[in-house]
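Bear in mind that the values here come from a model prediction, so they are computed numbers and not experimental data. Here is the naming used below: chain letters follow the sequence lines, and residue numbers restart at 1 for every chain.
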Amino acid sequence: DVVLTQTPPTLSATIGQSVSISCRSSQSLLDSDGDTYLNWLLQRPGQSPQLLIYSVSNLESGVPNRFSGSGSETDFTLKISGVEAEDLGVYYCMQATHAPLTFGSGTKLEIK
Amino acid sequence: QIQLVQSGPELKKPGESVKISCKASGYTFTDYAMHWVKQAPGKGLKWMGWINTYTGKPTYADDFKGRFVFSLEASASTANLQISNLKNEDTATYFCARGNWFAYWGQGTLVTVSS
């Protein structure tokens, strides 16, 4: 199975600070169809996960553009440019290139 | 608007069975796969598998073969997850999520297994 390693496990940020979360894959996530199926999700406390970014860098509709994704093959990054209070929660990367689908272990973002 | 509405929380004893439903609305049910994801208390997300909503064919992740069954009531735009012979470690919140991008999730169903 593909292992997704997220760092850091926890992150503490002030409002307005920019932060990055890393997701490293044990295998290349480049699919034979040319796409890379790496998504980023946010799970706010007590809520269902919410899709933020799909296929590495595509912003889901309705998601603020302070969120951005980058990377390729095995190294991926989620950046939040100017954290807001509503951004607190646990961020997960997930891959859908290889079966079984797998999730990273999560990065908890706390607001100082 | 697109919604996935799951059935309510369940309290079960070990050895019993439970069936969770996920009713979809706002789109053509058979156009998208439905995935199931488990989240144990305080833990991360684990993919259980998916069901092809057009053909009804389920695919299970290895850890979810045997006691877990995905099914459909396509006429009601509903996907179901049944777990038999419940164990304490099945205590979790179970989510349905629409393929392809997991852009839509149900609100989750908490299943508590306790004697």
Side-chain angles (χ1 to χ4, degrees), chain A residues 1-10 21 23 25 29 31 33-63 67 69 78 89-109, chain B residues 1-9 20 22-24 26-27 32-52 57-66 68 70 79 81 92-111:
Chain A
D1 297 0
V2 173
V3 176
L4 299 178
T5 301
Q6 280 186 241
T7 54
T10 60
I21 299 169
C23 177
S25 174
L29 299 184
D31 193 62
D33 65 4
D35 208 338
T36 299
Y37 297 101
L38 186 284
N39 297 350
W40 289 96
L41 306 165
L42 164 61
Q43 187 174 31
R44 296 187 175 96
Q47 295 188 18
S48 304
Q50 170 195 1
L51 178 67
L52 299 175
I53 301 282
Y54 63 94
S55 290
V56 180
S57 59
N58 295 279
L59 194 67
E60 172 65 3
S61 176
V63 174
F67 292 94
L78 175 71
V90 181
Y91 291 79
Y92 294 96
C93 55
M94 66 161 286
Q95 67 81 24
T97 298
H98 303 285
L101 278 63
T102 50
F103 295 87
S105 53
T107 294
K108 185 176 184 179
L109 175 62
Chain B
Q1 75 281 23
I2 294 169
Q3 283 189 302
L4 301 178
V5 179
Q6 297 184 225
S7 50
I20 300 165
C22 170
K23 182 170 176 59
Y27 71 98
Y32 296 88
M34 193 68 77
H35 295 257
W36 290 94
V37 175
K38 177 183 179 181
Q39 186 169 41
K43 302 296 186 183
L45 303 169
K46 186 163 187 176
W47 183 71
M48 301 174 67
W50 67 286
I51 186 164
N52 184 318
K57 180 185 175 186
T59 299
Y60 302 97
D62 285 348
D63 286 350
F64 299 98
K65 291 178 178 176
F68 300 82
F70 306 149
L81 164 63
T93 297
Y94 293 87
F95 294 99
C96 57
R98 196 188 82 166
N100 299 326
W101 298 114
F102 289 67
Y104 298 95
W105 292 66
Q107 82 275 23
T109 296
L110 175 62
V111 175

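Per-residue counts of heavy-atom pairs under 4.5 Å with chain B were compared for A/Leu51, A/Asp1, A/Leu101; the largest is that of A/Leu101.
When heavy atoms are compared at a cutoff of 4.5 Å, A/Leu41 approaches chain B solely by way of its side chain, counted from C-beta outward. Contacts of B/Phe102 with chain A are made by both backbone and side-chain atoms, with heavy-atom separations under 4.5 Å. Contacts of A/Ser61 with chain B are absent, with no heavy-atom separation under 4.5 Å from either backbone or side chain.
Note that CG of A/Asp35 and CG of A/Asp33 are 5.5 Å apart. Values are rounded to the nearest 0.5 Å. Note that the CE atom of B/Met48 and the CG atom of B/Leu81 stand 4.5 Å from one another [nearest 0.5 Å]. A distance of 11.0 Å separates CH2 of B/Trp50 from CZ of B/Phe70, quoted to the nearest 0.5 Å.
Contact check for A/Asn39 versus A/Tyr92: no side-chain heavy atoms found under the 4.5 Å cut-off.
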